[in-house]
Every structure is written in structure tokens, then in C-alpha cells.
2 protein chains.
Amino acid sequence: MIKKYDSNKMYQLVLKIYEAYGFSRTDSEKVAHTIIYTDMHGIESHGVQRMAMYDRFIQNGKIRINSSPEIVKETKVSAVIDAHFGLGQLNGIYSMELAIKKAKESGVGIVSTKKSGHYGIAGFYANMAAEQGLIGISSTNSRPGMLPTNSTQPFVGTNPIGFAMPANPHNFILDFATTTVPQGKIEVYRKLEKDLPEFWVAKNGITPIHNHTNDYDLDLLRVPKSNVGLTPLGGVSELTGGHKGFGLGIMVEIFTSILSQGDISSEIDGSNPDLGPCQSFIAIDPTIFGDRDAIIAKFSAYLQEMRDLPAVPGRKVYVHGDKEHLSYLDAIENGIKIDDATIIEIKEIATRLGVSANEFLA
Amino acid sequence: MIKKYDSNKMYQLVLKIYEAYGFSRTDSEKVAHTIIYTDMHGIESHGVQRMAMYDRFIQNGKIRINSSPEIVKETKVSAVIDAHFGLGQLNGIYSMELAIKKAKESGVGIVSTKKSGHYGIAGFYANMAAEQGLIGISSTNSRPGMLPTNSTQPFVGTNPIGFAMPANPHNFILDFATTTVPQGKIEVYRKLEKDLPEFWVAKNGITPIHNHTNDYDLDLLRVPKSNVGLTPLGGVSELTGGHKGFGLGIMVEIFTSILSQGDISSEIDGSNPDLGPCQSFIAIDPTIFGDRDAIIAKFSAYLQEMRDLPAVPGRKVYVHGDKEHLSYLDAIENGIKIDDATIIEIKEIATRLGVSANEFLA
């Protein structure tokens, strides 16, 4: 069952848990903020629901509590960071703050970060830049899940891209896996016992898997070098543009693992603590092109024109960030949605760490 | 009928035609190079086939022969250019050369160009950077063709993105419309009297149009504010990722018309000579991240691993640029493919301009 919880109290609980792991107060605040931000914006798959996974990684040493990101190469407009397998969110915030600083000083900042960890949603980091009036872009590679066009074996990660641009009444935030859907979507459908409605998963490169009870094949999605994979955005055929999603996945790989000389998606292995994802962080100051207010006003008017277009009966045109903003407003008023299984996981973690969870879950 | 023509001779003919229009020798060489490059790489829809369209635009004043691009704002890493409606290819080459110069000096160059014209293929400009060891990105907005998710009326352009990265044995070049297919693809299928095999065109936002004889509806693709449009990459449903293609189209709009404060896709009107597309040109020097050779070697090995993956029987895994490179090698050996209708158009243009075409078409 899914219940609603007060976001401020849940923030306090997450903060206490991360302090109990041994992270500093400041770092724990950052982690709690990214996690609660994610739930408040309606992306529940990547919020507190992921704390159990991070907990496993903290316990098995894949996430190293005492690691700090290190700048290994730097110019006025760029940096390469070795994150030494610290917590992904902390690496992400550090890296994007550096990109933002460079953008404010030099117009553009591009940071490529290796030996990182799972960092949550790409859109969070992109929006860090937008919150400061800049264009923000972030992406991450990930375990191999995507089928290159015509291949029967997954090789490219789901490699999401987050892109944010300041706008009124709220920022434009585009955040998407370069596969048709991310891995998490398949898990959600299996938990809900729903068949996969579209061609999201392919066996042998071309055969769709729809049946949610096909555990044998769907479990292969997590097995390296299997014959089951996620379709790229656009599907498995060039006639539907599948080669475009495949190409976008490669683009992400360039800005993450290739430029930083880190581990590429196909090398990432959940069980090996010395291999980890790479991420990219770009900030661009629009004032190098013109007046910030005029640019934002023009962009906001453009977005509003699209919201006002004639729509399919019963539907509405949303631009990217609209639905997330509605979730956010609702979360302030009514709390964030968390399922019972996740609450049990969080309580177990809290108890183990000597944190009293109940007062925050009232 | 399609015949093959010697690319060097065809280059000479295009060069003479552009000189006869009144372009300088140097400018005419640039235009001829981009056009013949396009045909040699197998993208015949955007090569000499487009000369008739450019001819109409030169005659009606939409393309202005004596215009030169003007830098209206500039920093070490950026520029805004007003192209004053000069020929798109010349604006594109000028703009990308400026982005490359800035990337070589400062690591990154981002140029946004307004009041431009149809510039051919985005991948050509991206590859100009890759030819010099840099990452290159280019995009253009265009007349409204794409349906925003849930809308019944096209609003966003087909807004293609070209992305190139140096690699061995040849550069990686990704070049794609952010719609499932570009306008030109629909025209090709109609000319060939073939039905549209996939959900490329939607009526009222959700109804696929497949029948190539449905002239009434397919002609509406060119009519502003009609109820027929191209599907975004990913289709018209969020279940197939259509909102992602829509978002990519908006991203292109930001880097082209929003940052340059030029005309947005929905404002572009083929019949109004004072409205024109905007383009974006980005160059990034990989040496700001690390050793160029090491980065290119890592990337090339990554691409080769994908080419060697197990494939669907009878198919092969290609990475972006492979097919175009094979076309190029074939064109050197056997010439470029041009249909008779296009040859007749070129002859008509040549004759009108006093250029003797026959000697180049032997």
C-alpha cells in the first residue's frame, strides 16, 4: 500500500540515517535534499525507494563513506574528476557546483566525473544550474541494458540525459533514459503484475517480451551478455528511429566515460566495487548570448504557446517539468507517496543504525 | 531513373553554377563541397537534389547573394551571428569555423546563428570539427512539422541534431531529425508510391496516416496550423517515449532560436523572406579532458566492440557514420547517384545562368 508522508519529517529521517552512516552533517543534508527533492517531484523510483540499494552498496564497500571527489585535470572551462567511489549524489553535487562556478566565470563549464556511483536522477543536477539562471545538462552511464540497433546483446547503458533551462513560471526540465524506458519501469510493471504494454524489452534483438510473468527472460535483463535487452528510444528498427536512441546512448558515453577515461557501460559490474559509472555535468551561462531576462521571457512564451495548443480530446499539452512541478506543489500540501515495503526497508536501516524512525513517520 | 555521375565533374558544375549566381569563387567552392560531400555520403535528399529549392530561394530573394554573416555578440567561448539571410551553407561554415577557432583557443566554442537559411545536413558541420580532432555538434530549427505530445497541431520543427566525434578508422557521425523521420522521407515515399510503413504521420494527434495516395492529408504536412503532423522520435505516446523526441526538439530550439533571439520554428514561413531558421554550432576540444590520442583510441575500441556484437541473423551492427563512410568509398570509385528529374532541374538552372552543363554530365 502507498501512504503519504510529510516531506520535512522524511527529510529529517534521511538526514539522520546518513549522519549515522558516518557522513558529515553537510553531506547528509545534501543527500537528504536530493532524495526528498526526487520524491517531491514525483519520481518515486529514484527517491527514498533507492535507499535500500545505497545501503547495500555502503555495506559492501561499493560506496565509500570517507572518499572525496578529486579534480585530476582542469581548465577554465572544464574538469575531470576522480570521485574515488564516494556516494553518487555527493559526487554529482560537487561536480555540478564546479561546472556552475566555471560557467559563471568563463561562460561554460564541462565536468566529466569517473569512478562515481549511482547518482539518482540526472534532472536534479541539470536543475541545479537552472536554479542559478544557467542552462544545465547532466548524464550518466550505467550497466549495459540497451540493445545497439541490430544487436542481440545489450551493450550500451540506459544512459539518461537531464537538461534544464530557466523558465517562468517554473524551469524546463527534460530527464529521460535513452532507452524507451529505464530498467526501473520494467521492475515497477512486474511488481504491479502488469504486462509490458509496448515494445520495451526485446529477446534476440527483435522479439518483444510483453508477459510480466516471463521471469526467465525478464531476469536476463540484469545478466551481462544475455540475449535480452531494453529497446533504444525509437525501438529496434531503423524505420521507427531506433538508431537515434542508440546514437544518443553513445553520445552520453562520450561525455561520461570516454572523456574522463573511466569505465564504459559495458564494463560496469554491480558486484565489482572497483568499477563504477561516470557522469557528465555541463553549465552554460545564457548571458554570453544575450540579456538573460529577454532569453528567459522568449523561452517561457514559447513554452506557453505549446501548452495552449489544441490537444487530443481529454488530454493536455504538458512541457517538460510541468508534471513534476504539479507533483511538487502537491507534495508540499499533502506529503510524498511511499509504499509500505519501502517504509519497512527504511525502518530496518534506521534501527540497525540506532536511529529512531517512528517519530518521523507519524 | 537514377544514374551515377563522377563526383569531381559534378563538383565543377555546381561550382560554376554558384559562381554564375554571383557568389565569389571561394564561396562557390564551399557550397559545392558541402553539396557533393552530402551526395557522396549517401544522403541524396540533401545534395544536388536541393539545388532547385535553393534556386527558387535565390530568385525570390529569400537567399541573398551579397549578404555576409555578422557577429553581433561575442565572448571567448561563444558568439551570436546574424546571417542576414545569406546562403545557409556559407552561414554554417562561417559559424562552425568560428566555433572551432574558439574551441582551439579556449576549449569550447558555442555559436548561435539567426536569420540563416536551409543549411543542408547538420552532420556536415559537426564533422567539420571532428575533422580537426574536436567534438562537433550542430543543429537547426525548421518549419513547424513535429507534433508536441498530446497536441493535434504541429509546432516544433523537425529540428535535426548532428554530432561528430573523431574516431578510427573514420569519424563517428550521428545525424538525425528529432521527429521519427524528416519531411523529406515522406516526400520520397510518395514519389516512390510506397505506403508509409510506420507511424510517421499523425492526423488529429493520434491517427496514423499510412496510405501514400492520401494526398489531401499528406499535403497538410506543409500547411501551417493544420491537423496533420510528423510524430516526434518515440511516437505520439508517452508509452513509446514520444515526449523524449518532443523534448529533444525543444532543446534544439533553445540552442538555435532562443539563445540567438531569432525566429522560432513556429514563426518560420517559407513565403516570407524576412523570417528564417536559426542554427547552433558547438566545438569542444577533447584535450581539455585528457590526451587526444588516448581518448580517440578508447572511443574507437568501444565502437569496434559494438560492431563485433552478435547480431540478428542476416543483419550487422553499424555505428553512426559506418554506412555513410561506405557510401563515400563507393562514390569515389563509382560516382554519385542522381535521379533524372534532378539532372533536368540542374540543366535548366545551368542553361538559364549560361553554364554549359553537358561537359560535366558525360
(Q) Applying side-chain contact (heavy atoms from CB on, under 4.5 Å) to B/Leu230 and B/Ile186, what does each step give before you reach the verdict? (A) CA-CA 9 Å; B/Leu230 295 167; B/Ile186 309 298; 3.9 Å; yes
Q: Test B/Ile295 against A/Gln261 for side-chain contact (heavy atoms from CB on, under 4.5 Å), laying out the working first.
A: CA-CA 7 Å; B/Ile295 288 170; A/Gln261 299 274 290; 3.5 Å; yes
Q.
Show, in sequence, the C-alpha distance, side-chain angles and deciding distance for A/Arg307 and A/Asp322, and conclude whether the side-chain contact (heavy atoms from CB on, under 4.5 Å) test is met.
A. CA-CA 10 Å; A/Arg307 292 187 187 102; A/Asp322 285 358; 2.8 Å; yes
Q. Can you check side-chain contact (heavy atoms from CB on, under 4.5 Å) on A/Ile284 and A/Phe289, steps first, answer last?
A. CA-CA 10 Å; A/Ile284 302 169; A/Phe289 299 97; 4.0 Å; yes
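Of the listed residues B/Val156, B/Ile254, B/Leu303, B/Asn227, the one with more heavy-atom pairs under 4.5 angstrom with chain A than any other is B/Ile254. Ranked by heavy-atom pairs under 4.5 Å with chain A, the list B/Gly242, B/Ala294, B/Ser266, B/Gly235 is led by B/Ala294. Annotation: maximal heavy-atom pairing with chain B below 4.5 Å, among A/Gly245, A/Ser112, A/Pro313, A/Ala177, occurs at A/Ala177. Between chain A and the options B/Glu74, B/Glu305, B/Met165, B/Lys244, heavy-atom pairs under 4.5 Å are most frequent for B/Lys244. Among A/Thr180, A/Leu259, A/Val317, the residue with the largest count of heavy-atom pairs under 4.5 Å with chain B is A/Leu259. The most heavy-atom pairs under 4.5 Å with chain B, out of A/Thr240, A/Thr75, A/Leu239, come from A/Leu239. Across A/Gly241, A/Pro286, A/Gly247, A/Gly205, the residue that shares the most heavy-atom pairs under 4.5 angstrom with chain B is A/Gly247. Your options are B/Leu174, B/Val77, B/Leu309, and the one with the most heavy-atom pairs under 4.5 Å with chain A is B/Leu309. Most heavy-atom pairs under 4.5 Å with chain B: of the set A/Gly107, A/Ser78, A/Gly234, A/Pro310, this distinction falls to A/Pro310. Your options are A/Leu248, A/Asn204, A/Ile250, and the one with the most heavy-atom pairs under 4.5 Å with chain B is A/Ile250. Your options are B/Val72, B/Ile206, B/Thr178, and the one with the most heavy-atom pairs under 4.5 Å with chain A is B/Ile206.
For chain B, the nearby part of A/His320 is the side chain; its heavy atoms alone come within less than 4.5 Å. There is no contact between A/Leu147 and chain B, counting heavy-atom distances below 4.5 Å. In this structure, no portion of A/Ile161 lies under 4.5 Å from any heavy atom of chain B. In this structure, chain B has no heavy atom under 4.5 Å from any part of A/Lys76. Contacts between A/Ser106 and chain B at a heavy-atom distance below 4.5 Å involve the backbone alone (N, CA, C, O). Residue A/Thr179 touches chain B through its backbone alone, counting heavy-atom pairs closer than 4.5 Å. Residue B/Thr149 touches chain A through its backbone alone, counting heavy-atom pairs closer than 4.5 Å. For A/Glu198, the part lying under 4.5 angstrom from a heavy atom of chain B is the side chain only. Only the side chain of A/Phe172 comes within contact range of chain B, with heavy atoms under 4.5 Å apart. Residue A/Lys225: no heavy atom, backbone or side chain, is found under 4.5 Å from chain B. Both the backbone and the side chain of A/Ile258 come within less than 4.5 Å of a heavy atom of chain B. The contact between A/Thr287 and chain B is made entirely by backbone atoms, counting heavy-atom distances below 4.5 Å. Only the side chain of A/Phe163 has a heavy atom closer than 4.5 Å to any heavy atom of chain B. Of the two parts of B/Ile296, neither the backbone nor the side chain holds a non-hydrogen atom closer than 4.5 Å to a non-hydrogen atom of chain A. A/Pro148 touches chain B through its side chain: at least one heavy atom from C-beta onward sits under 4.5 Å away, while N, CA, C and O do not. Looking at A/Ile110, both its backbone and its side chain come within 4.5 Å of chain B, counting heavy atoms on both sides.
Although no hydrogens or angles enter the test, the distance criterion places no donor-acceptor pair under 3.5 Å between the side chain of B/Gln304 and the main chain of B/Ala301. Formation of a donor-acceptor pair under 3.5 Å by the A/Ser139 side chain with backbone atoms of A/Val252 is not found in this model. Judged purely by atom type and a 3.5 angstrom limit, B/Ser95 has no side-chain atom pairing as donor or acceptor with the backbone of B/Thr113. Between the A/Asn141 side chain and the A/Asp263 main chain, a donor and an acceptor come within less than 3.5 Å of each other.
Looking at A/Thr256 and A/Asn159, their side chains never come closer than 4.5 Å, going by heavy atoms from C-beta outward. Side-chain contact between A/Phe246 and A/Phe155 is absent, with no heavy-atom pair separated by less than 4.5 Å. Counting heavy atoms from C-beta outward, A/Asn150 and A/His243 have side chains that stay 4.5 Å or more apart. Looking only at side-chain heavy atoms (C-beta outward), A/Leu233 and A/Met146 stay at 4.5 Å or farther from each other.
Other residues, nucleotides and ligands contribute more than 12 heavy atoms inside 6.0 Å of the NZ atom of B/Lys298.
A cation-pi geometry, defined here as NZ or CZ lying under 6.0 Å from the six-membered ring centre and within 45° of its normal, holds between A/Lys316 and A/Tyr318.
In the model, A/Glu253 has a side-chain atom that pairs as donor or acceptor with a side-chain atom of A/Ser265 under 3.5 Å.
The pair A/Glu238-B/Arg315 does not meet the salt-bridge criterion, since no charged nitrogen lies less than 4.0 angstrom from a carboxylate oxygen.
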